[in-house]
Amino acid sequence: MTMTIDSRSIYTSEETTGIAKRVAQITVSAIKQMPLLASKIDGCVSLGQGIPSFNTPDFIREAIIKDLQDNKAIGKYSMQPGVPELRAAIAADLARTKKIKNIDAEKEIFISCGGMEALAAGIATIVERDDEVILPSPTYASHIEQVLFAEGKPCFVPLIEEKGWQLDVDGIRQAITKKTKAIVICNPVNPTGTVFSESELRALAKLALDHDIFLVLDEAYDFLVYGDVPYFSLASMPELKEHILCTGSFSKRYCMTGWRVGFMYASERIISQVLKVHDAFAICAPTISQYAALAALRATNGSDGAGDKSIKELVLALEQRKNLVCARLDRLSDLFSYEKPVGGYYFFPRINTADSSIQFALKLLNDARVITIPGSAFGPSGEGHIRLSFGAAEPEINEAFDRIEKYWRNSSPSQTQK
Ligand SMILES: Cc1ncc(COP(=O)(O)O)c(C=O)c1O
């Protein structure tokens, strides 16, 4: 499946004279464009960008206040791969939460500027011009740009919507060619809220081993799975070690989106190469943020640390918001049909209108003053959907749905509905 820039972005800069093709062809994702457009309209409410309404927990902020007073190194570059204690703490956390054993934190983990930089640097490290990269789609919009920036070719294999957006392992098998370099797996999936099962992922692992393909894992929402659905990380399979680039983030788990700290776990061979890209683009992740992440992990042990409590509270609050959004979507069943998310904090409903997803999201923005993200931003099979985040607090969610309802009831069915 192919897609053009026009279908995945809301606006593009026409003037690209002198600009390298690899940059001219990419776009700022619609996830970021929509809030920018909305900043010019008074009084918008947001179901848009994935920012939780909660502040960074007090125990992290307090630790940093103290660190600012006591830690003379906090305003300096850290070691280029990151603060050693933080890398060790991440290794211990991965062993506890994902059963990834025997990590050599010094050689197999580096700290990045958010999970985003780890993904971009990782993809740039392994993908060469014209290499094909399989993206089960819909998927996180930035993966598309990261592959294009590396001059690779995104090959979209649709998730199976009728089966709760399951992975189409046969479809992926058929999409593999001699040029296939990697598969990027976002799990839980932003935007669909799918959590892939262990058996689907093991089938994918077999493909990766059989065809010698890298698996780039985006596990930014690994902690956020509802109910007792098990979470399985491909990074826990020792036999995949030379095929895995596993990225993680502190942004969502600890409400630290603005601190910009994430990480990559991979074999020493891969990390040593990715570090060249990290050095060229960032030198190191912000040192102060690394100490904040360290404070977060030191208080998280799987039982009753301040970090554990904050994660539990976050998951509980988001689960309530998820239920609220279900109830609000059900009242609009002539407009939306949807799968309940199992992880993450997004709904990805199908929209019953004749508009494209970009047209519809722009109408909601301009006419209802509600920010949403058009589904086409997430790959071709995202068309016909919009992404609704439930990171916002309940009053904002309710206000947004009140406005959507009003807009929908007032709009002429003959004009808008299919
Ligand atoms: C699936 C996914 N991956 C990666 C990121 C980037 O996260 P970070 O803030 O760690 O760079 C996001 C942010 O929304 C995301 O949703």
Side-chain angles (χ1 to χ4, degrees), residues 28-35 46-54 56 60 82 86 90 93 109-124 135-147 149 159 165 183-196 215-225 231 233 235 245-265 274 278 281-282 285-286 289-290 292-293 296-297 314 318 341-348 371-373 375 377-379 382 387-392:
V28 171
S29 83
I31 302 172
K32 327 291 184 333
Q33 290 182 334
M34 286 300 286
S46 183
L47 300 174
Q49 202 170 353
I51 305 176
S53 62
F54 310 96
T56 305
I60 299 174
L86 177 58
I90 290 170
D93 191 69
I109 286 179
F110 91 93
I111 313 297
S112 53
C113 303
M116 193 73 128
E117 193 230 345
L119 285 160
I123 288 172
L135 303 176
S137 131
T139 193
Y140 184 50
S142 297
H143 299 158
I144 304 170
E145 310 312 321
Q146 288 162 344
V147 171
F149 179 71
L159 297 174
W165 299 108
I183 305 173
V184 183
I185 293 290
C186 185
N187 187 33
V189 183
N190 175 1
T192 59
T194 320
V195 175
F196 297 129
L215 292 166
V216 178
L217 309 181
D218 179 347
E219 302 193 339
Y221 298 89
D222 51 7
F223 70 100
L224 188 51
V225 178
Y231 183 81
S233 172
L245 290 79
C246 177
T247 66
S249 172
F250 287 82
S251 290
K252 317 286 172 169
R253 194 190 198 200
Y254 295 104
C255 303
M256 289 176 63
T257 53
W259 296 78
R260 311 307 303 128
V261 55
F263 63 89
M264 176 182 287
Y265 158 66
V274 182
H278 175 56
F281 277 81
S289 304
Q290 297 190 55
L297 284 186
L314 178 65
L318 288 169
V342 183
Y345 45 77
Y346 307 100
F347 280 76
F348 200 60
I371 308 172
T372 60
I373 310 297
F378 303 92
R387 193 191 75 172
L388 307 174
S389 159
F390 51 98

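What you see is a predicted model; the values in this text were computed from it and never measured. Order of appearance sets the numbers: ligands from 1, and atoms from 1 within every ligand.
Checking each of H143, K252, R387 against N190 for a side chain to side chain donor-acceptor pair (under 3.5 Å) leaves exactly one that passes, namely R387.
Residue pairs that meet the salt bridge (Lys or Arg N to Asp or Glu O under 4.0 Å) test with at least one member in residues 216-225, sequence neighbours left out, are K98-E219, K98-D222.
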Open item on the list: For Y221 and Y346: C-alpha separation, side-chain torsions, deciding distance, then whether ring pair (Phe, Tyr, Trp, His ring centres under 6.0 Å) applies.
Closed with: CA-CA 11 Å; Y221 298 89; Y346 307 100; 5.7 Å; yes
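One finds the CH2 atom of W165 at 11.0 Å from the CZ atom of F196 (value rounded to the nearest 0.5 Å). Expressed to the nearest 0.5 Å, how far CD1 of I111 lies from CZ of R260 amounts to 13.5 Å. Atom CG of L217 and atom OG1 of T247 lie 7.0 Å apart (nearest 0.5 Å).
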Enumerate the pairs of nitrogen or oxygen atoms, one from ligand 1 and one from the protein, separated by less than 3.5 angstrom; state names and distance to 0.1 Å.
unit_1   : atom_1 : unit_2 : atom_2 : d
ligand 1 : 3 (N)  : D218   : OD1    : 3.1
ligand 1 : 3 (N)  : D218   : OD2    : 2.6
ligand 1 : 9 (O)  : S251   : OG     : 2.6
ligand 1 : 9 (O)  : R260   : NH1    : 2.7
ligand 1 : 10 (O) : G115   : N      : 2.6
ligand 1 : 10 (O) : S249   : OG     : 2.5
ligand 1 : 10 (O) : S251   : OG     : 3.3
ligand 1 : 11 (O) : G115   : N      : 3.1
ligand 1 : 11 (O) : M116   : N      : 3.0
ligand 1 : 11 (O) : R260   : NH2    : 2.8
ligand 1 : 14 (O) : K252   : NZ     : 2.7
ligand 1 : 16 (O) : N190   : ND2    : 2.8
ligand 1 : 16 (O) : Y221   : OH     : 2.7

